[in-house]
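Given the structure is predicted, the values throughout are model-derived calculations rather than measurements. Chain A is the first sequence line, chain B the second, and so forth, proteins listed ahead of strands; every chain is numbered from 1.
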There are 2 protein chains.
Amino acid sequence: MASLNVGSLGEYIREQRRNAQYSLRQLADAAGVSNPYLSQIERGLRKPSAEILQQIAKALRISAETLYVQAGILEERQEEGPGLRAAILADPLIGERQKQALLAVYEAFLKENRENPESRDGRADDAPPAPDAAHG
Amino acid sequence: MASLNVGSLGEYIREQRRNAQYSLRQLADAAGVSNPYLSQIERGLRKPSAEILQQIAKALRISAETLYVQAGILEERQEEGPGLRAAILADPLIGERQKQALLAVYEAFLKENRENPESRDGRADDAPPAPDAAHG
DNA sequence: CCACCGTGCTTGCAATTGCAAGCAGGGTGC
DNA sequence: GCACCCTGCTTGCAATTGCAAGCACGGTGG
C-alpha cells in the first residue's frame, strides 16, 4: 500500500481517537492491539491488516468499512449511479453473470421501448430515487 | 482468522478460477501474485491480505467485496438490495410492467443466492455447463 | 527530593506473508 | 528415447506485521 494511504489512515484513526477522548493506551486496550503498534499505525509506520482495522473500528464504534475505505482496500459506495446500469453493476448481492443477465433484460426492454414506444405502459412513476444515504 | 474461513475462501477462489477455466498459473499471472502462493491460498495454507484478495478478484472479474466477505473481513451488504429495487422503480426509460419484470428477475437471483451462496457467479440460464473434465 | 501514575514512543524479536527457484507428474512432437 | 510444454505443489528465505519489555517525559502527592 502506498504510504500516502497509510498516512491518511493513521491520521484518521488518531483523529477519531481524539474525538472519542481516548488515550492511545485506552484505545489499544479496547481494540485488543498493543499500544506501540497502534502508535505506529497512527504515525503511518505500519500497515495494519483488515482484522486489526476491524478491531480498531469496533473499539472506536465506527464501521470497519470506514477504515477500509481510508486504508484503500474498499471503495466508497456509490449510492445511486447515473443510471440503472450502474446500480445493477454496483449491487453486491448478485454476481457478475447475474448482473449481465439483468443488464441483458434491461437492454432488451430499452430496445423494445425504442422500437415500440407504446409498450412502456404506465410510466407515470415519477418518484425520486431512493435517498439511500451512505450508512453512518 | 479462523482456519475455517480461510478454508472456505480458498475453496471459493478455486471454484471461481475453475469456472473461469483458468489454470492456477494463468490466474496467478493475471492477478500478479506468485503461483505457489495462490496454490497455498486455495488450499487454505495462507491467509492473504486484502490487497492480494483485491488482485485476485480483479483477475477473476468479480468484486473484491465478494472475496472480503468470504474471508470474513466484510459483512454482506443488505442495504444495497433495496437500492437496486428503488433504482429499477425510478428508471424513466422503462414502464411499470417492465419494472416488475426486472424486479422479479432480481428477486429470483437473490433467492437463488440465499439458498445457494455460490451460485452468484454460477450458471446463468443460457450458459452451457462448464466443460469440466470429469473428476479432473 | 522521591515514588507513582499517566502519556506516547523505541526496540528487538517471533510469527506470518508473499516470493523465487525448483520438483514431480502428465502430455505432445520429433 | 529425448526436449519441451503444461499442470499444481514444495521449500527456503526476505520482508512485513504485531507484540512484549522498556524508555522518556510530564504531572501529582508526600
Side-chain angles (χ1 to χ4, degrees), chain A residues 1-60 64 67-68 70-73, chain B residues 1-7 9-60 64 67-68 70-73 130-136:
Chain A
M1 181 183 303
S3 61
L4 280 181
N5 276 353
V6 172
S8 63
L9 169 70
E11 288 163 7
Y12 184 79
I13 289 173
R14 180 161 287 190
E15 182 185 358
Q16 297 302 311
R17 172 168 69 81
R18 286 179 170 157
N19 285 347
Q21 299 186 348
Y22 283 172
S23 71
L24 187 97
R25 277 198 165 108
Q26 286 172 335
L27 179 59
D29 289 344
V33 306
S34 73
N35 73 74
Y37 191 53
L38 180 58
S39 174
Q40 288 170 330
I41 293 166
E42 289 191 348
R43 289 172 288 130
L45 299 183
R46 294 288 165 92
K47 191 205 77 174
S49 66
E51 284 75 24
I52 295 290
L53 289 180
Q54 261 190 337
Q55 290 169 223
I56 292 171
K58 188 172 180 182
L60 284 173
L67 291 187
Y68 294 163
Q70 290 289 329
I73 62 176
Chain B
M1 180 185 304
S3 62
L4 280 181
N5 276 353
V6 170
L9 169 70
E11 288 163 6
Y12 184 77
I13 288 173
R14 180 162 285 190
E15 183 185 1
Q16 299 303 310
R17 173 170 68 81
R18 286 179 171 158
N19 286 346
Q21 300 187 348
Y22 281 172
S23 71
L24 185 97
R25 278 200 163 105
Q26 285 172 336
L27 179 58
D29 288 345
V33 307
S34 73
N35 73 73
Y37 191 54
L38 180 59
S39 175
Q40 288 170 330
I41 291 166
E42 289 191 350
R43 289 172 289 131
L45 300 183
R46 294 290 166 91
K47 190 205 74 173
S49 65
E51 284 75 24
I52 295 289
L53 291 179
Q54 261 189 338
Q55 289 168 223
I56 293 170
K58 187 171 180 182
L60 283 171
L67 291 187
Y68 294 164
Q70 289 289 328
I73 62 175
D132 266 345
H135 308 312

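We find that CD of B:Q55 is positioned 9 Å from P of C:dG18, with the value rounded to whole Å. The distance from atom CG of B:D29 to atom P of D:dT7 is 9 Å, rounded to the nearest whole Å. One can place CD1 of B:I13 at 11 Å from P of C:dG18, the figure rounded to the nearest angstrom. One interatomic measurement links the two molecules: CG of A:L9 to P of D:dT17, which rounds to 12 Å at whole-angstrom precision.
When all heavy atoms of A:Q21 and A:Q26 are compared, the closest pair comes out as O-OE1, 3.9 Å. Annotation for A:L53 and A:L67: closest pair O-CD1, 3.5 Å, computed over non-hydrogen atoms.
At distances below 3.5 Å, not a single donor-acceptor pair connects side-chain atoms of B:Q40 with backbone N or O atoms of B:L45.
Applying the side-chain contact (heavy atoms from CB on, under 4.5 Å) test to A:A30 and every residue at least two apart in sequence or in another chain returns A:A59.
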Inset, instruction - For nucleotides 4-16 of chain C, just jot down a letter per nucleotide in 5' to 3' order: B, S or -, based on protein non-hydrogen atoms under 4.0 Å. - result: ---BBBBB-----
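Atom CG of B:L24 is separated from atom CG of B:D29 by 9.5 Å, given to the nearest 0.5 angstrom. Within the model, atoms OG of B:S23 and CZ of B:R18 stand 11.0 Å from one another, a figure rounded to the nearest 0.5 Å.
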